[in-house]
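I have placed the structure first, in the form of C-alpha cells, so that the comments after it can refer back to it.
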Amino acid sequence: MRVALNPEQQAAVWHGDGPLLVLAGAGSGKTRVLTTRIARLIEEGLPPSRILAVTFTNKAAEVMRHRISSLVGHQPAGIWAGTFHSICARMLRIEAEHTDRSSAFTIYDESDSERAIKRAMEDADADPRRWSARGIRARISDAKNAMVSPAEYAAAAFDPLSRVTGEVYPAYERLLARCNAYDFDDLLLYAVRLLEDRPEVREHYGGRFAHVLVDEYQDTNHAQYRLVRALASVHGNVCVVGDDDQSIYGWRGADLRNILDFERDFPGTAVVHLEQNYRSTGAILQVANAVIARNRARKEKKLRTERPQGESVVVAALRDERAEAAWTVRKIEQLRVRHALGEIGILYRTNAQSRAYEDALRGADMPYRVVGGIRFYERREVKDVLAYLQLLVNPSDDGAFLRAVGWPRRGVGAVTLERLAAARAAAGGSLLDAAACAAELEGLPVGPARALVSFARDAAALRDLVSVASAADLAEECLRTFGLRAALEAEEDGEERLANVDELVAGMAAFAAEGAGIQAETAGSELERFLQHVSLLSDVDQYDQEEGAVSLMTLHNAKGMEFPVVFIGGVEEGLLPLGRSAETMEALEEERRLFYVGLTRAMDRLHVTHVSRRFRAGSAMPCFPSSFLDDLPEEAIDRRLSAVGGWRSGRWPRPVDSSRPGRGGRSDGFAARSAATRSSFTWRRDPAEVPESGPVYDYSESQEPLELLTGARIVHPRFGAGTVLSVVGDGRAAKARIEFDLEGPKIVLVAHAGLRPAP
DNA sequence: GATCGGTATTTTTTT
DNA sequence: AATACCGATC
C-alpha cells in the first residue's frame with residue numbers, strides 16, 4: 001500500500017485501537033484518510049465483514065468501496081458501508097424477529113409520513129383545520145431524532161401544539177406498526193432501541209464490527225450518536241471524521257455537540273487535526289477562512305494551502321436572476337477552453353434557483369445536470385406504481401392501499417373508503433383484508449363493493465408471484481392487470497409520465513442485473529429489496545458526474561464534492577442567509593457554514609454572484625448583498641458590476657439588521673442609503689457584461705428600498721394604489737401599513753403582496 | 001361519486 | 001408559481 005500522506009494523515013491511518021477523532025478541514029483529504037485506514041485494517045488481516053463504515057450518502061459508500069478495492073487489490077467483500085439510514089434498515093430487516101415489524105416493511109418518505117399523520121390525526125380527534133399535518137409531522141420527527149417517546153413527549157407538553165402533537169404521536173406510532181411501516185426517523189430510532197434493549201443483539205453487532213468508522217460526524221443527530229455509542233460499547237474502536245465548520249443539518253436534528261463532546265463521551269480519544277488543504281488556491285482559501293472566522297460557535301482553526309494564490313475570487317453584482325444566469329453562462333463559455341464542462345459546478349441555496357440557470361444553459365445549448373429538485377421517485381406516477389408494488393410486498397400497508405385504490409379511478413371514493421376504514425376498525429387487519437370482504441359489508445352499494453373485491457383479488461393473485469417473478473416482470477404485470485398503462489395513455493400529459501414509468505421498470509431490471517442489494521444476509525424477494533433500496537436513495541446517489549455537463553445543485557447537495565470552477569448564486573440577504581435565519585445567531589451561523597461549504601468546493605476558480613431584484617414566490621423582491629459578503633478580504637477578490645444591475649455607488653443599502661448594533665436603524669425597516677456604512681469599492685466594468693435583451697425594467701431607478709419608506713406610493717395587485725404609512729420588520733417578515741385610496745388602511749405582508757411602485 | 005374550478009396557502013435545505 | 005384543499009356542479 002503506497003500512498004503519500006502527510007504526518008497528520010498518517011497518524012490517523014495508523015492509529016491503533018481505541019476512539020479516534022479526526023477534525024478534518026475542507027479539502028484536507030479526510031475521505032482519503034478514512035479509506036486508507038480501512039484498507040490498512042484489511043491488509044493487516046481484518047476481514048472486511050468486521051468493518052462498519054457510515055457515510056453521508058450511498059454514493060459516498062460506493063466511492064469508498066471502490067477506492068478500498070483499488071488500494072488492497074480486491075473487493076472488500078462483506079464490508080458494511082452505507083448511510084445511517086440504509087444500515088439501520090438492513091439491521092431491522094435481518095433482526096425483524098426481534099421487532100414488531102416483518103422484514104417486508106415499507107419505508108415511508110416524508111410525504112407518505114404526512115399522509116399517515118393526517119390519518120393519525122383523525123384517529124386522535126385532532127382538528128385538521130386548526131393544526132397542520134406538516135407541522136405536527138415536523139414536531140414528531142424532532143422528537144424521534146431526539147429519541148423522545150410518545151409518553152415522554154406527552155408528559156412534557158404544555159403549549160397547545162405540543163399537546164396535540166402528544167396525542168397524535170402515539171396514534172401515528174400505532175398506525176405505522178399496523179401498516180408494517182417505518183418512517184425515515186424510525187429506521188434510526190428502532191435500530192437504536194434494538195441495540196440498547198437487546199443485549200444479545202448489541203453483542204452480536206458489537207462483536208461483529210471490530211471497527212466503526214463514521215464520516216461527516218458533525219451532521220449526526222442524537223439517535224445516530226446513540227447508535228454509534230451502542231455499537232462501539234463492546235470494543236471502543238470508533239473513528240469519526242468531521243468538521244464543525246461544515247455542520248449544515250441542524251434543522252434536521254444534527255447536533256454539533258456530538259462532535260464537540262466526542263472526547264468526553266469516548267474517554268481516551270486520540271485527536272488528529274487535518275488543517276492542510278489540498279484543494280483550493282490561496283485566494284479561495286483566504287476568502288473562505290475570512291467568512292468562517294466570523295462564527296463564534298466553532299473550534300478555532302485555520303486551513304492552509306501550499307497552492308499558489310491563483311485567480312481572485314470574482315464577486316459580481318447583477319440585475320436579476322436572469323442576468324445572473326446569463327452572466328454565469330457567458331463566463332462558462334469563456335472558461336470552456338481550459339475546463340471541461342464537467343469541471344464546473346453551479347451552487348445555490350434553494351432548488352427554485354435552478355430554473356433561471358437551466359433556462360440560460362438551455363438557451364446556450366450547454367449540457368447540464370441538475371442534482372435534486374423534483375425527485376424521480378417522488379413523481380406522482382412513479383409513486384403510484386410503487387404503491388401497487390409496495391402493496392404486493394407488504395399487504396398491511398394501508399398507505400399504499402389508499403394510494404393504489406384511488407388511481408386509476410374505479411368507482412371507489414371517499415365515502416366508500418370511510419366505510420371500509422370503519423369495517424376494518426371493527427374487524428382488525430388491513431384495509432386490503434377489509435376490501436376482500438367488501439361484499440359482506442352492509443350498506444355498501446354493489447358497484448364500489450365489486451370494485452374493491454376485484455381489486456383485492458387481483459392484488460392477491462399478483463402477490464403469489466412475488467417470490468418467483470422478477471421485479472420488472474411484476475411491475476409490467478401490475479401495469480397490465482390494474483390498467484395503469486392504459487390509464488396513463490389516456491391522460492393528457494401521459495406520454496412523459498409513461499416514459500417515467502418505463503424508466504422505473506428499466507431501473508428495476510438494471511437493479512436485478514447488477515445484483516445490487518444482493519446481500520447474503522438479507523434474503524427476501526427481489527422486489528422487496530428493490531423497494532427498500534429506492535426509498536433510501538438520495539438525490540446525490542443518482543448523480544453521475546459527467547465529463548461534458550455542468551453540474552447544478554444546492555449547497556447542501558454539494559457537500560463532499562469539489563469542482564475546479566464554482567459559481568455560487570443568490571448570495572443575498574434573505575436567500576443566503578435564507579429567510580428569517582438572520583434573526584438567531586445559531587441559524588445565521590449555520591447559514592454562514594453553508595456558504596463556507598460552497599466556497600470550499602472550489603479548486604481553482606470561484607465566482608460569487610448577487611442580484612438586486614429576484615422573483616420569489618411569484619413576485620419581484622428587492623435584494624441586497626448578503627452580509628456574508630462584508631467579510632471578504634479585498635485583496636483576494638475582484639468585484640464586477642454589470643451596467644444593468646447592482647448598485648452604482650460603492651455603498652450597499654440593505655435592510656436594517658436590528659440584531660447587529662452599530663448600524664443606523666430606522667423604525668420603518670430600511671436603512672437610508674446615506675446611513676449605510678459600507679466601505680467604497682472600485683467597481684470594474686465586467687467584460688462578460690450581459691447585453692440588454694427585451695424590455696428592461698430598471699429596478700434601481702424605480703424601486704430602491706427607500707421607495708418603501710413612509711409616504712411612498714405603491715400599487716397592490718388587489719387593492720390598487722396606496723400610500724405607505726409604515727413598515728415593520730424586515731425580510732420575509734416585513735409588514736407594511738398602507739393607506740389604500742379605495743380600500744382604506746390595511747396591513748400587508750410585503751413578501752406576499754406583490755407591491756409595485758406607482759407609475 | 002367524479003370532476004372542475006375556485007381559493008387559500010405556501011417554500012428552505014434532505015435521509 | 002405551484003399546489004392543496006374545498007365546495008359546487010354534473
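We use all heavy atoms of the structure for the numbers below, so side chains are in, but hydrogens, waters and symmetry mates are not. Protein chains get the first letters and strands the later ones, always in sequence-line order, with residue 1 at the start of each.
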(message) Using heavy-atom distances to pick each residue's nearest nucleotide on DNA chain B, tell me which of P448(A) and E590(A) is more 5'.
(response) P448(A)

(request) Measure from NZ or CZ of R410(A) to the centre of the six-membered ring of F455(A) and say whether it is under 6.0 Å with the direction within 45° of the ring axis. (result) no

(request) Grab the CG-C1' distance between L575(A) and dT12(B) for me, whole Å please. (result) 9 Å

(message) Can you tell me which nucleotide in dC5(C), dT15(B), dT13(B) comes closest to the side chain of T83(A)?
(response) dT15(B)

(message) So is the aromatic ring of W251(A) stacked onto the base of dT13(B), judging by whether the centres are under 5.5 Å apart and the planes are under 30° apart?
(response) yes

(message) Does a side-chain N or O of S86(A) approach OP1 or OP2 of dT15(B) to a distance below 4.0 Å, or not?
(response) no

(message) I need the CZ-P distance between R252(A) and dT13(B), as an integer number of Å.
(response) 13 Å

(request) Using only side-chain N and O atoms of R134(A), determine if any of them is under 4.0 Å from OP1 or OP2 of dT11(B). (result) yes

(request) Take Y249(A) and F56(A) through the ring-ring contact (aromatic ring centres under 6.0 Å, His included) test and state the conclusion after the steps. (result) CA-CA 12 Å; Y249(A) 283 96; F56(A) 203 69; 5.2 Å; yes

(request) Consider the side chain of K118(A), meaning its heavy atoms from C-beta on, and name the nucleotide among dG1(B), dC5(C), dT15(B) that approaches it most closely. (result) dC5(C)

(message) Given dT14(B), dT12(B), dG1(B), identify the nucleotide with an atom nearest to the side chain of V415(A).
(response) dG1(B)

(message) Is the terminal nitrogen or CZ of R592(A) (NZ for Lys, CZ for Arg) located under 6.0 angstrom from the six-membered ring centre of F595(A) and within 45° of that ring's axis?
(response) no

(message) Side chain of R355(A), heavy atoms from C-beta onward: which of dC5(C), dA2(C), dG1(B) has the nearest atom to it?
(response) dA2(C)

(message) Please determine whether a side-chain nitrogen or oxygen atom of N351(A) lies at a distance below 4.0 Å from atom OP1 or OP2 of dT14(B).
(response) yes

(message) Can you tell me if R450(A) has over 12 outside heavy atoms packed within less than 6.0 Å of its CZ?
(response) no

(message) Among dT15(B), dT14(B), dG1(B), which nucleotide has an atom closest to any side-chain atom of Y249(A)?
(response) dT14(B)

(request) Let me know, please, whether G411(A) or E591(A) comes out on the 5' side of the other along DNA chain B by nearest nucleotide. (result) G411(A)

(request) Check the distance between dT15(B)'s C1' and Y108(A)'s OH and give it to me in whole angstrom. (result) 18 Å

(message) Just the rounded figure in Å: distance from P of dT13(B) to CZ of F595(A).
(response) 18 Å

(request) Can you figure out which of dG1(B), dT14(B), dT15(B) approaches the side chain of N557(A) most closely? (result) dT14(B)

(message) How many whole angstroms separate atom CG of L188(A) from atom P of dT14(B)?
(response) 18 Å

(request) For dT3(B), take OP1 and OP2 only and decide whether either is under 4.0 Å from a side-chain N or O of R409(A). (result) yes

(message) Tell me the interatomic distance from L588(A), atom CG, to dT12(B), atom P, rounded to whole angstroms.
(response) 17 Å

(request) Send over the distance from E114(A) CD to dA4(C) P, rounded to a whole Å. (result) 9 Å

(request) To the nearest Å, give me how far apart CD (Q353(A)) and C1' (dT11(B)) are. (result) 12 Å

(request) Using only heavy-atom distances, determine whether the side chains of Y205(A) and E95(A) contain a donor-acceptor pair under 3.5 Å. (result) yes

(message) Heavy atoms from C-beta onward define the side chain here; which of dT15(B), dT13(B), dG1(B) lies closest to that of F184(A)?
(response) dT15(B)

(request) Taking all non-hydrogen atoms of both residues into account, name the closest pair between I87(A) and A81(A) and its distance. (result) CD1-C, 4.5 Å

(request) Check whether any side-chain N or O of T416(A) sits under 4.0 Å from OP1 or OP2 of dG1(B), and answer yes or no. (result) yes

(message) Side chain of H556(A), heavy atoms from C-beta onward: which of dT15(B), dT14(B), dG1(B) has the nearest atom to it?
(response) dT14(B)

(message) Say we look at dC5(C) and dT12(B): how far apart would their C1' atoms be, to the nearest angstrom?
(response) 23 Å

(request) Ignoring the backbone of L578(A), work out which of dA2(B), dG1(B), dT12(B) is nearest its side chain. (result) dT12(B)

